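So the structure is just underneath, and the comments pick up after that.
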Amino acid sequence: MNAPRISQTRRIVTDLPGPKSKALDARRTAAVAPGVSSVFPLYIDRAEGAILVDVDGNSLIDLGSGIAVVSVGHAAPTVVDAVQEQIARFAHTCFMVSPYEAYVTVCEELNARTPGDHEKRSALFNSGAEAVENAVKIARHVTGRDGVIAFDHAYHGRTNLTMALTAKNMPYRHRFGPFAPEVYRVAMSYPFRDPEGMTGAEAAARSIEQMERQVGVENAGCVLIEPIQGEGGFIDPAPGFLPAIAEWCTANGVLLIADEIQTGFCRTGDWFACDHEGVVPDLITTAKALAGGMPLAAVTGRAELMDEVHVGGLGGTYGGNPVSCVAALAAIGTMVDQDLAGAATKIGATIAERLTALRGSHRGIGDVRGRGAMMAMELVRPGTKDPDPDAAKRIVAACHRAGVITLSCGSFGNVLRLLPPLVIEPQLLDDGLGILADAVTAEL
Ligand code: PLZ
């Protein structure tokens with residue numbers, strides 16, 4: 001049975017965190033490894049749409065979507081129904097033992113919706129990091145070349161290979177090495193911090209020079225890139241950067257892997273961020289919003305590449321779990337029916353207007369950027385570009401105390417990012433942005 005509908009309004013009835021959350025947090029301290037942290041200790045009881053209800057009965061506005069996952073909203077009715085029906089039918093067989101239709105249908109959907117109209121195949125996994133690992137396995141297998149090229153400020157996960165691919169030491173890599181070899185790192189186009197006026201083509205030429213010098217074309221198996229970087233700071237490369245990198249890859253037999261784990265499935269106003277400039281990657285990794293909150297990830301690639309991998313070479317016990325697969329089909333259906341790509345564009349315009357106005361009155365906001373419902377502001381010491389991570393922390397904390405979930409990110413920890421569910425109602429978004437504006441005014 002679906003839970004009763006939760007009113008889409010912010011309502012704070014205790015100090016935050018409230019007494020029940022505090023009691024749970026005390027239990028947590030004794031039971032949970034501290035290496036796994038939480039942004040703010042509000043323990044959640046229920047959620048719907050863009051509202052989280054904590055154990056003390058506070059209704060919070062979610063402008064983070066569990067890090068870009070619940071784009072269709074919390075407890076989306078289509079997803080709830082599909083999951084309930086499937087779990088009662090069967091929860092698991094292992095696709096590698098006894099297959100089922102939903103896995104095949106998810107792959108058909110991925111093949112049809114990801115960039116490019118060439119023939120494709122997909123394989124399903126559990127997490128984003130696992131999808132990235134598998135994309136690299138496939139690229140190395142097909143090309144016979146070991147070198148993997150990633151970018152500065154990149155985030156690709158927390159497993160050994162993906163830690164090697166992730167650019168930031170703290171907290172992701174510190175004393176967790178040694179890391180997988182044959183990973184190289186080149187410059188990203190970062191318009192706010194690149195030399196004034198540097199074009200996308202110039203930034204690409206800089207990266208390409210580094211690839212050719214550090215790795216050499218004949219050793220480079222793949223170039224792995226987030227079309228808009230997520231954890232690294234919502235870094236949207238200058239126009240022309242991605243197409244130039246893609247062109248170099250094609251000309252040199254290097255596979256282009258787009259990591260669309262955070263940007264994919266309508267978040268940026270297109271189905272995929274690559275669509276914005278018509279870039280067609282050879283392989284694409286997806287996860288997060290794909291399954292509306294259930295764990296599911298995928299690698300989708302050109303059929304002739306995917307067909308090279310020997311039978312049995314890819315898989316895992318839970319990859320493409322049937323409950324996750326039906327959730328994905330429901331989430332994708334909702335994205336189509338409710339035009340969530342269009343919704344993302346509208347949400348982005350609203351956020352951009354508010355953040356740009358704030359920047360006009362606060363010199364500590366150095367940059368406002370992003371695309372669709374993936375928007376951010378980069379905080380600096382006024383009059384400089386020196387990162388101000390403390391300001392980001394203070395603003396995020398002030399938002400949380402007022403019942404609005406926002407997140408920080410960035411190589412320098414100084415970026416405040418907004419990733420609301422794409423079904424958020426306009427007045428709720430407006431209320432959340434009002435709280436953010438108050439927090440900025442109070443803290444900057
Ligand atoms: N690639 C582009 O954004 C996950 C990480 C949160 P998993 N980003 C959120 C954290 O601190 O662990 C992400 C991503 C991009 C890969 C991943 C990894 O996806 O599902 O977390 O493994």
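Each residue takes its place number in the sequence, starting with 1. Just so you know, ligand 1 is whichever comes first in the structure, and atom 1 is the first atom listed for that ligand. These figures come from a predicted structure and were not determined experimentally. Hydrogens, waters and symmetry mates are skipped; everything else that's a heavy atom, side chains included, is used.
Between R193 and E378 there is a salt bridge, with a side-chain nitrogen of the basic residue lying less than 4.0 Å from a carboxylate oxygen of the acidic one. Classification of D194 and R206 as a salt-bridged pair holds, one side-chain N sitting under 4.0 Å from a carboxylate O.
In this model, no donor atom of one side chain and acceptor atom of the other lie less than 3.5 Å apart for R173 and T166.
The contact set between ligand 1 and A129, taken as ligand atoms under 4.0 Å from a residue heavy atom, comprises 7 (P), 18 (C), 19 (O), 22 (O). Every atom of ligand 1 is numbered from 1 in the order shown, and the set under 4.0 Å from a heavy atom of S127 is 20 (O), 22 (O). Listed by atom number, the atoms of ligand 1 under 4.0 Å from I67 heavy atoms are 6 (C), 9 (C). Close approach to E226 involves these atoms of ligand 1, each under 4.0 Å from a residue heavy atom: 2 (C).
Here the protein heavy atom with the shortest distance to atom 20 (O) of ligand 1 is G128 N, 2.8 Å. Nearest to atom 8 (N) of ligand 1 among the protein's heavy atoms is K288 NZ, 3.1 Å. Scanning all protein heavy atoms for the shortest distance to atom 3 (O) of ligand 1 gives Q262 NE2, 2.8 Å.
Distance CD1/I228 to CG/L242: 9.0 Å, rounded to 0.5 Å.
For D337, the CG atom counts as densely surrounded, since its 6.0 Å shell holds more than 12 non-hydrogen atoms of other residues, nucleotides or ligands.
By the 3.5 Å distance cut-off applied to N or O atoms, Y155 is counted among the residues near ligand 1.
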Tabulate below the donor-acceptor pairs under 3.5 Å that side-chain atoms of residues 290-305 make, not counting sequence neighbours, or state none.
residue: T300; atom: OG1; partner: S122; partner atom: OG; Å: 2.7
residue: R302; atom: NE; partner: D282; partner atom: OD1; Å: 2.8

With a 3.5 Å cut-off and sequence neighbours excluded, list the donor-acceptor pairs that the side chains of residues 250-257 form with protein atoms.
residue: T250; atom: OG1; partner: A246; partner atom: O; Å: 3.0
residue: N252; atom: ND2; partner: W248; partner atom: O; Å: 2.8

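The distance between the ring centers of F272 and F265 falls below 6.0 angstrom.
Distances from atom 2 (C) of ligand 1 to the heavy atoms of T286, D259, T263, I228 show the closest one on D259.
The side chain of R158, and not its backbone, has at least one atom closer than 4.0 Å to an atom of ligand 1 (non-hydrogen atoms only; side chain from C-beta on).
Ligand 1 has no atom lying under 4.0 Å from any heavy atom of E260.
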